[in-house]
Amino acid sequence: MNLKTVLTFVFIAVSYTTFAQKCSCEDNFYWLKKNFEENDAGFQYVIDKKGLTEYQNHNNLFSKKVKKIKDLNECRNVLFDWLLFFRPAHLSLAINPDFANKSLSKNTESEKKWEEITLTEDQLKKNLSNISQPGFEGIWISDSYTIGVVKRNNEYIGYILEAKGRKWKPYQVKFKIKENGDKTYNAVYYLGDYSAQNFSEVKLIGNNFLKIGFVSLKRSFPNTPESNPEIANYIEAITTQKPFLKEISNETVLLRIPSFEHTEKKAIDSILEVNKKLILSKQNLIIDVRNNGGGSDGSFQEIIPYLYTNPIRTVGTEYLSTVQNNKRMEEFIADPDWSPEEKKWAINGLEELNANIGKFVSLGGSTVQERKSDVVYPNPKNIGIIINENNASTTEEFLLVAKQSKKVKLFGTTTEGVLDISNMHFVDFPCKDLVLGYSLSKSLRIPGMQIDQKGIQPDFYIDKSIYDYDWVRFTENILKAN
């Protein structure tokens, strides 16, 4: 499965004066409509559910809207609203970065006028040295940004100190946090393209971890030690970009997997192989996949032997074969990161798809696969998988596989529910101004076991009274009790 792509917002804060002259929004709408109808694997499924009349009314409404639009940003937003008729996820519509960069090179007024905090890092550190309880104030880092946070009147303002590989400039305001009357906080966070994202969840966890919606920041200054080791462990797990495994007690090991992207398969497999004796020596294994949005099914295959107890059945998918869709198999075959075995699967799949243009194809001919093994490890005896609302796509596929084991229980909150219509493919619009992301496959589980818009529920719900950093310990205590 591809990495989940949900509500891809790409706004560029400029006006594209050449847009109407070259590609009208109306032209883009009719190309989008035709391309989606012919190539998206979930199109007919939704039409069968909602009815053709409702779809025609939807089209009539939007055909009137697009006639009046002259701005590309506005056009993109309206066209994405049209797509939401079908589903909220495994869809995207973005302004082509190459097209946007050409326009931005002609008009950079948005960047010139962007609000700034002109305080150097040294000046900020000097100011912070006089504050005993910095709270949100400080210097924070993520994988791409170093951000200073200062208090101005009733706001905490985050501004860029350094942006690696990004178009953001030093001193530009990156986010603002405001306190509500009930002592909670709201924030506006400006994404990589300067578009605004509002969040109602803003919280400081311990002294050194700031969570703004799905944005995670780790404090680098002032260096305030954590009194609670659980918080330090939590920060390590949530902010890491790579998988890791560690022993957390005499009875338990923790495997943290932040992503199942295909690029992470080697790292996941290596960790499992290097630590095999350690894993098999412990009664309990906790697998933390919080915020893991998916990737490739191949990335979790080597985990299965550790949790296996009985045959595991996997209901397959069927791919809609079209000339456009089948090009993705060609991309897989040319991908240097794919193994010879994976490329062989893609070559055989491409041949089968090309022989069935216009049809749904279950690659390999089997609608249900059953995985059997003669080996059932005595340890780990108990396996807890920690999940949350940010789990989707391949991660949900992993959970459907894992929960068939007698050893496995799920802990946390209900997953996002983005799996049934999947395997994303991306194509340019004819004028190269927009990029459409749609789906190639449909699960054979539906309608009998629908995951989309429902999610996968945990066996043990972790409610809000239990702090995020206590989820691992809560899970371990339940596993020890069994």
With distance as the sole test, does [X] use its side chain to make a donor-acceptor pair with the main-chain N or O of [Y] at under 3.5 Å?
| X | Y | answer |
| --- | --- | --- |
| Thr475 | Gly384 | no |
| Thr146 | Ile141 | no |
| Thr240 | Lys242 | yes |
| Thr395 | Gly294 | yes |
| Glu342 | Ser339 | yes |
| Asn382 | Leu479 | yes |
| Gln404 | Leu400 | yes |
| His262 | Gly298 | no |
| Lys407 | Pro380 | yes |
| Asp452 | Leu419 | yes |

Taking atom [atom1] of [X] and atom [atom2] of [Y], what is their separation to the nearest 0.5 Å?
| X | Y | atom1 | atom2 | answer |
| --- | --- | --- | --- | --- |
| Glu201 | Phe214 | CD | CZ | 11.5 Å |
| Leu254 | Ile286 | CG | CD1 | 6.0 Å |
| Ile357 | Leu320 | CD1 | CG | 9.0 Å |
| Asp459 | Ile385 | CG | CD1 | 9.5 Å |
| Phe244 | Ile271 | CZ | CD1 | 9.0 Å |
| Ile257 | Ile303 | CD1 | CD1 | 3.5 Å |

Is there a side-chain hydrogen bond (donor to acceptor under 3.5 Å, both in side chains) between Asp48 and Gln44 once you walk through the steps?
CA-CA 6 Å; Asp48 292 342; Gln44 192 59 49; 2.9 Å; yes
Answer with yes or no whether the side chains of [Y] and [X] bring together a donor and an acceptor at under 3.5 Å.
| X | Y | value |
| --- | --- | --- |
| Thr415 | Glu396 | yes |
| Thr322 | Asn39 | yes |
| Asp40 | Tyr45 | no |
| Glu264 | Ser299 | no |
| Ser321 | Asn326 | yes |
| Gln172 | Tyr194 | yes |
| Asp297 | Gln301 | no |

Option from Gln450, Arg87, Arg445, Gln453 for which side-chain hydrogen bond (donor to acceptor under 3.5 Å, both in side chains) with Asp420 holds:
Arg445
Arg328 charged N/C atom sitting above Phe332 aromatic ring, 6.0 Å / 45°
no
Compute both the distance and the angle, then confirm whether Lys33 meets the cation-pi test with Tyr30: under 6.0 Å from the six-membered ring centre, within 45 degrees of the axis.
no
Side-chain contact test, heavy atoms from C-beta onward, threshold under 4.5 Å: evaluate it for [X] versus [Y] and give yes or no.
| X | Y | answer |
| --- | --- | --- |
| Phe36 | Phe86 | yes |
| Glu397 | Phe260 | no |
| Tyr319 | Asn325 | no |
| Ile421 | Val46 | no |
| Leu93 | Phe429 | yes |

Lys211 with Asp468: basic N within carboxylate O range, under 4.0 Å:
yes
When you check the gap from the basic side-chain N to the acidic O, do Glu236 and Arg256 get nearer than 4.0 Å?
no
Would you call the rings of [X] and [Y] parallel, tilted or perpendicular if under 30° counts as parallel and over 60° as perpendicular?
| X | Y | result |
| --- | --- | --- |
| Trp168 | Tyr190 | tilted |
| Phe85 | Tyr55 | tilted |
| Tyr438 | His425 | perpendicular |

Phe411/Trp471 under ring pair (Phe, Tyr, Trp, His ring centres under 6.0 Å): CA gap, chis, key distance, verdict
CA-CA 8 Å; Phe411 295 76; Trp471 283 28; 10.0 Å; no
For Glu273, is the CD atom crowded, meaning more than 12 foreign heavy atoms sit under 6.0 Å from it?
no
